[in-house]
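Written below as structure tokens is the structure these notes are about.
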Amino acid sequence: MKTTVLIFLLATSIATSHGLEHGIDYKIHPLRLKSGSGGHYVKGITCSSWRVGVEAHNIIEWKTIPQECEGYVGNYVLGDEYREDSKVVNREAYFYAKSIDVIKDGKNIWVFDIDETTLSNLPYYAHHGFGVEPYNATAFDEWVNLGIAPALPETQKLYNKLLSLGFKIVFLTGRPQSQKDITVKNLKDAGYYKWEKLIVKDVSKYKGKTAVTYKSNERKKLEEEEGYRIIGNIGDQWSDILGTNTGNRTFKLPDPLYYIA
Ligand SMILES: *[C@@H]1O[C@H](CO)[C@@H](O)[C@H](O)[C@H]1NC(C)=O
Ligand SMILES: *[C@@H]1O[C@H](CO)[C@@H](O)[C@H](O)[C@H]1NC(C)=O
Ligand SMILES: [Mg+2]
């Protein structure tokens, strides 16, 4: 009994200090550390296999994290693994960017998604829970409107390196026009100080359309009407990187929290 408590406290304090190091108020307390794959989502299939299925886009159009995997996903995103998985993606993106012989005409762009790519909503999810509570748009908008989402540290490193390599940054987000000002403020406060464009969603124009349609259409405009070349494109959703004008290479960040078609 004592040992169990001690291990839990130790795990909690490690996770907490790790979070604070990056300025994120991680509330890991309601979660219980689960070793290894952290339980089964259905008989014979672990939650870590569920996550691989999600990341590889084999499990699609899911609505919520399986209840059995809530603890697993919570510990994954608040722990080191999410950070390490993000690091791998951003590292490969950097190697690729560095290898490109950029034409120095200011038209090479790198497209970044915002939520769970550039900024992290983990404080919101850590507070509201990872799986059981259904998505509450009102509560999520209230969180976004606070404008205090922290940067994802690994993506921020890539952002800085891309700027020094001479790429222009375009943010392409599903956030609506009404949240543009707070998003600008949030990006700047989080350390993203410079960009070529910040494209927010015209909700009346794209009403009932998928993110794939919206994002493809906006990327097409960038390339075909405005003469940019999308060299790289990074996002946490497959809908950030599928469709047309996806860019020469795409990079998929981990996100086992939600699915956007
Ligand atoms: C959704 O969030 C709002 C704002 O925080 C809250 O007032 C409302 O009760 C929530 N709805 C549900 C169904 O939990
Ligand atoms: C990007 O893709 C386009 C279209 O296939 C190609 O013409 C161009 O050379 C590629 N650019 C780089 C930097 O790979
Ligand atoms: Mg996103």
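Atoms within each ligand, like the ligands themselves, are counted from 1 in listed order. Along the sequence shown, residues carry numbers from 1.
Under the 4.0 angstrom criterion, atom 14 (O) of ligand 2 counts as having a protein heavy-atom contact. Remark: atom 11 (N) of ligand 2 lies closer than 4.0 Å to at least one protein heavy atom. Protein heavy atoms are found less than 4.0 angstrom from atom 2 (O) of ligand 2.
Salt-bridge formation is detected for the pair Arg51/Glu81: a Lys NZ or Arg NE/NH1/NH2 atom is positioned less than 4.0 Å from an Asp or Glu carboxylate oxygen. By the 4.0 Å N-to-carboxylate-O rule, Asp189 lies close enough to Lys185 to be salt-bridged with it.
For Asp105, the salt bridge (charged side-chain N to carboxylate O under 4.0 Å, His left out) partners are Arg229, not counting sequence neighbours. Under the rule for a salt bridge (charged side-chain N to carboxylate O under 4.0 Å, His left out), the partners of Arg175 that lie at least two apart in sequence or sit in another chain are Asp115. Residues that satisfy the side chain to side chain donor-acceptor pair (under 3.5 Å) test with Tyr228, not counting sequence neighbours, are Glu196.
With Tyr214 as the aromatic partner, Lys209 does not meet the cation-pi criteria of under 6.0 angstrom to the ring centre and within 45 degrees of the ring axis. Both cation-pi conditions hold for Lys161 and Tyr94: the charged atom is under 6.0 angstrom from the six-membered ring centre and inside a 45 degree cone around its axis.
Of the protein's non-hydrogen atoms, Asn248 ND2, 4.8 Å is the one closest to atom 5 (O) of ligand 2.
Considering only heavy atoms from C-beta on, Asp113 comes within 4.5 Å of Lys215 through its side chain.
To the nearest 0.5 Å, atoms CG (Leu222) and NZ (Lys107) are separated by 9.5 Å.
Under 2.8 Å from the Mg ion (ligand 3), one finds the following protein N/O/S atoms: Asp113 OD2, Asp115 O, Asp236 OD1.
Some N or O of Glu142 is nearer than 3.5 Å to an N or O of ligand 1, by distance alone.
If you number the atoms of ligand 1 from 1 as listed, the ones under 4.0 Å from a heavy atom of Asn136 come out as 1 (C), 2 (O), 3 (C), 8 (C), 10 (C), 11 (N), 12 (C), 14 (O).
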